Amino acid sequence: MAKYYCVLFDADNTLLNFDAAESKALAETLVNYGIEPDAETVQTYRTINEELWRQREKLMAERFTRFLKAIDAAGDGVEMNRFYLEQLSTHPDLMGPEVLDVLRELSEVATLAVVTNGFQKVQI
């Protein structure tokens with residue numbers, strides 16, 4: 001194998017199964033705030049979330065505020081977003097069992113780093 005100085009990874013859906021983590025975190029968040037995570041409710045959230053990802057500067061402050069309004073539920077959307085992000089960080093689901101083997105092998109020949117198109121630090 002060729003020697004590389006550094007290998008960069010975008011962890012979401014490359015190393016980590018972000019979709020699985022997101023589904024778990026969302027379900028836990030909804031249940032924590034007394035909202036049933038049925039298919040229609042989850043789709044309402046996803047529609048709002050996808051729209052706001054295209055307007056990233058509004059995402060963190062507005063996604064759950066808009067979601068609560070869309071399903072006619074009371075609550076603090078900003079606090080709900082904080083809880084969701086905490087839950088999201090607790091689900092490090094790997095994309096597959098071979099991921100760790102690949103990382104171990106690569107770590108022998110290069111520095112490994114994770115990059116993201118997300119946020120470095122969330123401040124609301």
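What you see is a predicted model; the values in this text were computed from it and never measured.
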Checklist entry - Could you give the distance from NZ (K58) to CG (L52), rounded to the nearest 0.5 Å? => result 7.5 Å

Checklist entry - Which pairs, with at least one residue in residues 31-44 and sequence neighbours excluded, count as a salt bridge (charged side-chain N to carboxylate O under 4.0 Å, His left out)? => result none

Item to check | Interatomic distance, T65 atom OG1 to N81 atom CG [nearest 0.5 angstrom] | outcome: 8.0 Å

Checklist entry - Quick one: side-chain contact (heavy atoms from CB on, under 4.5 Å) partners of A113, sequence neighbours excluded? => result C6, L8

Item to check | Residues that E50 engages under side-chain contact (heavy atoms from CB on, under 4.5 Å), provided they are two or more places apart | outcome: R46, R54

Checklist entry - Do you know which two heavy atoms are closest between I48 and A70, and how far apart they sit? => result CD1-CB, 3.8 Å

Checklist entry - Who passes side-chain hydrogen bond (donor to acceptor under 3.5 Å, both in side chains) against R104, sequence neighbours left out? => result D101

Checklist entry - With F67, which residues qualify under ring pair (Phe, Tyr, Trp, His ring centres under 6.0 Å), at least two apart? => result Y45

Checklist entry - Partners of D76 by side-chain contact (heavy atoms from CB on, under 4.5 Å), sequence neighbours excluded? => result V78, E79

Checklist entry - Please, which pairs that meet ring pair (Phe, Tyr, Trp, His ring centres under 6.0 Å) have at least one residue in residues 86-114, sequence neighbours excluded? => result none

Item to check | Joint hydrophobic cluster, V31 plus M80, side-chain heavy atoms closer than 4.5 Å | outcome: no

Checklist entry - Roughly how far apart are F9 CZ and T14 OG1, rounded to 0.5 Å? => result 8.5 Å

Next on the checklist: Test side chain to side chain contact (heavy atoms under 4.5 Å, CB included) on V7 and T111; report intermediate values, then the result.
Outcome noted: CA-CA 6 Å; V7 178; T111 299; over 6 Å; no

Checklist entry - Just how far is it from atom OG1 of T90 to atom CG of L85, taken to the nearest 0.5 Å? => result 11.0 Å

Checklist entry - Taking only residues at least two apart or on different chains, which pairs with a member in residues 12-34 satisfy ring pair (Phe, Tyr, Trp, His ring centres under 6.0 Å)? => result Y33-F83

Checklist entry - Could you give all pairs that pass the salt bridge (charged side-chain N to carboxylate O under 4.0 Å, His left out) test and reach residues 16-34, with sequence neighbours left out? => result K24-D93

Checklist outcome for this item: Here the pair of heavy atoms bringing A73 nearest to I35 is CB-CD1, 4.4 Å

Checklist outcome for this item: Applying side-chain hydrogen bond (donor to acceptor under 3.5 Å, both in side chains) to T47 and not counting sequence neighbours gives Q43

Item to check | Residues which pass side-chain contact (heavy atoms from CB on, under 4.5 Å) with L94, listed by chain and number, not counting sequence neighbours | outcome: L16, V99, L100

Item to check | salt bridge (charged side-chain N to carboxylate O under 4.0 Å, His left out): pairs with one or both residues in residues 61-72, sequence neighbours excluded | outcome: E51-R66, E62-R66

Item to check | Chi angles and distances behind the side chain to side chain contact (heavy atoms under 4.5 Å, CB included) call for D10, V114 | outcome: CA-CA 6 Å; D10 178 1; V114 174; over 6 Å; no

Next on the checklist: Once rounded to the nearest 0.5 Å, what's the spacing between atom CG of L103 and atom OG of S107?
Outcome noted: 7.5 Å

Item to check | Taking every non-hydrogen atom, the tightest pair across G77 and F64 | outcome: O-CB, 3.4 Å

